[in-house]
Amino acid sequence: MADNKIYAHPYIPNTVPEVRDAMLKEIGLTSMEQLHDAIPDSLKLQREMDIPPAMNEYELRRHIDGLLAKNKHGADYLNFLGAGCWQHFIPAVCDEINQRSEFVTAYAGEPYEDHGRFQALFEYQSLLAELVDMDVVNVPTFDWAQAASTAIRMAGRITGRKIVLLPRSVDPDKAAIIRNYCTPVMDIQYVDIDQATGRMDLNDLRSKLSDDTAAIYFENPGYLGIIEDQGAEISELAHKINAVSIVGVDPISLGVLEPPSRYGADIICGDLQPLGMHMNFGGGQAGFIATHDEEKFVMEYPSRLFGIVPTEVEGEYGFGDVAYERTSFALREKGKESVGTQTALWGITAGVYLSLLGPVGMQEVGSTIIQKSHYAAKQMSLIPGVSLRFENGTFFKEFVVDFNETHLTVDQINQRLMETGIFGGKDLSLSYPGWGQCALYCVTETHTQADLDRLVDALRSIVSTS
């Protein structure tokens, strides 16, 4: 009886011997090994893999739970980490809607079978377009870095030029992704920042502008938290040489800060994570791109855009792709960029968040964040040996704290803070070695005054006993 038993792996399809053999016969093969004939023998493992005995499902679950229990996260600690993934309040309705089966499992679909998801994405695009004061918004990209990269490549195609200028204050990790994504199509060059304010050095910017400049990219607020109040002048400099002004933005700030379109941005991009998405060990992230409703911009989007159109039935409307023929989904290898999977679920989540808060709610969140972050920064700067790196700069929710006069490293301070149940700011000493021991702190609406006072007291104790 044992010899006749059929063995099939519970998690790998088509492992029933009869099914596997029938599939091999259909394609003219006699063994699974023949599927790998194109791979050189030198690249194949010529021995059995040294794999421990398989666990049963219960043992495996206990093993994984034990590994996960080693993680430390913002729900267990008082968290002041930001730098691209921020701890904001998530209304319960965001999770309730994005976990509905018609959304969470819907990888792809067509207008005639998928009215709900297409309408949800159209509503998201409409809400975000209103927030950034633009007309057209795409289905989300993977993250802000990809959105910025695609916006830069769009500018290159629009202008027929190759050089894009970035301030040195851009997140080094994001800059590396931009360089990787845009090379060799675009040439990335950097503009210095004012060491007193953190803003872009306009004299250095002017010296680097040329007839081959496709775009100027800057962020507001930037990676270091600074509000770039020279946006109109930067955009004007770009437009004088017929270049594109691209602005990256944290959308949670737009309840209190002017949208980039008001100071000349042609393309706006950013991250949707603040709009209803948990930190989730570094994700979920989702990037957006927004432009005016002009053909030169719309036809350079490589990603999907959804619109509303009347049907043959009077008074009835449907939702579907706009100019689908320009996308990589339609053009495949002939596309301007390959988009592939997009984070549509996070677009729906952002739409839920924006519809829930509305203009008044977004303004309240933004003003709350500014009040709390400035309170924290002021209190921290009163600690002997602690100061703000950019005392002459204005900031939104993140700010750079200088610990050089404490004679402690940021790593030492953060280790001591963790002992008290606090995640300190991100260590900037590797990214900006010329600044010495500096850290990027983030304060959001989730922090109470008691939380901020606890941080200040802990830092004062650490510094005083060093």
Side-chain angles (χ1 to χ4, degrees), residues 1-68 101 104-110 113-114 117 139-143 145-147 149-150 153 156-157 173 176-186 280-287 301-304 321 324-346:
M1 292 294 293
D3 292 338
N4 297 326
K5 187 175 181 179
I6 296 176
Y7 292 95
H9 197 286
Y11 304 126
I12 303 178
N14 305 320
T15 53
V16 176
E18 286 82 353
V19 174
R20 181 194 62 209
D21 293 344
M23 294 177 70
L24 288 170
K25 182 179 179 181
E26 180 67 23
I27 60 176
L29 301 179
T30 58
S31 70
M32 295 290 288
E33 286 69 26
Q34 288 179 280
L35 291 170
H36 310 133
D37 283 347
I39 301 175
D41 289 340
S42 61
L43 299 179
K44 296 178 182 177
L45 186 65
Q46 302 295 336
R47 57 176 173 77
E48 292 292 322
M49 294 183 69
D50 184 16
I51 299 177
M55 300 179 186
N56 60 40
E57 185 173 350
Y58 173 69
E59 292 170 335
L60 181 61
R61 183 180 294 274
R62 287 193 61 179
H63 174 67
I64 297 300
D65 287 344
L67 293 177
L68 292 175
S101 60
V104 77
T105 62
Y107 173 78
E110 297 301 329
E113 66 179 5
D114 204 1
R117 187 167 67 100
V139 175
T141 62
F142 285 126
D143 56 18
Q146 190 200 348
S149 302
T150 290
R153 292 190 62 167
R157 294 192 292 268
D173 290 335
I177 294 171
I178 290 173
R179 180 178 295 278
N180 182 60
Y181 194 86
C182 293
T183 303
V185 179
M186 303 295 294
N280 290 339
F281 305 97
Q285 306 290 135
Y301 278 92
S303 44
R304 298 177 79 176
D321 286 281
Y324 184 78
E325 69 279 1
R326 69 186 156 68
T327 67
S328 65
F329 299 96
L331 297 172
R332 310 309 295 175
E333 73 277 5
K334 296 180 181 179
K336 298 165 184 173
E337 293 179 47
S338 178
V339 174
T341 304
Q342 293 179 285
T343 51
L345 181 65
W346 293 134

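Everything numeric in this text was worked out from a predicted model, so none of it was measured.
Taking CD of E333 as the start and OG of S338 as the end, the distance is 10.0 Å to the nearest 0.5 Å. For the atom pair T150 OG1 and Y181 OH, the distance stands at 3.5 Å (nearest 0.5 Å). How far CG of L43 is from NE2 of H36: 13.0 Å, rounded to the nearest 0.5 Å. Taking CG of D21 as the start and CG of L29 as the end, the distance is 11.5 Å to the nearest 0.5 Å. Here the CD atom belonging to E325 is positioned 8.0 Å from the CG atom belonging to L331, to the nearest 0.5 angstrom. Separating the CD atom in Q146 from the OG1 atom in T343 is a distance of 8.0 Å, to the nearest 0.5 Å.
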Would R62 and D65 count as a side-chain contact (heavy atoms from CB on, under 4.5 Å) here? Give the steps. CA-CA 5 Å; R62 287 193 61 179; D65 287 344; 5.7 Å; no

Begin from the C-alpha positions of I27 and L35 and carry the test side-chain contact (heavy atoms from CB on, under 4.5 Å) through to its verdict. CA-CA 10 Å; I27 60 176; L35 291 170; 4.1 Å; yes

For side-chain contact (heavy atoms from CB on, under 4.5 Å), just list the numbers for R20 and T15, CA-CA rounded to whole Å, side-chain angles, deciding distance to a tenth of an Å, and then say yes or no. CA-CA 6 Å; R20 181 194 62 209; T15 53; over 6 Å; no

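Looking at T327, its side chain does come within 3.5 Å of a backbone N or O of Y324 through a donor-acceptor pair. A donor-acceptor pair under 3.5 Å is absent between the side-chain atoms of Q285 and the main chain of T141, judged by distance alone. Without hydrogens or angle criteria, E59 side chain to M55 main chain gives no donor-acceptor distance under 3.5 Å.
Other residues, nucleotides and ligands place more than 12 heavy atoms under 6.0 Å from the NZ atom of K44.
Scanning all heavy atoms of the two residues, the minimum distance from R153 to K336 falls at NH2-O, 3.7 Å. Contact detail for R157 and P302: the closest heavy-atom pair is NH2-CD, 4.3 Å. Minimum interatomic distance between C182 and S149 (heavy atoms only, all atoms of both residues): SG-O, 3.7 Å. Nearest heavy atoms, W346 versus N280: CH2-ND2, 4.3 Å. When all heavy atoms are compared, the tightest approach of M49 to L45 is CG-CD2, 3.4 Å.
Contact annotation: the side chain of M32 approaches that of L24 to within less than 4.5 Å [non-hydrogen atoms, C-beta and beyond]. Residues Q46 and D41 have side chains in contact (heavy-atom distance under 4.5 Å, counting atoms from C-beta outward).
Remark: R304 qualifies as a cation-pi partner of F329 under the 6.0 Å distance and 45° angle criteria applied to the six-membered ring.
For the 3.5 Å distance criterion, the side chains of S328 and E337 fail to qualify, holding no donor opposite an acceptor.
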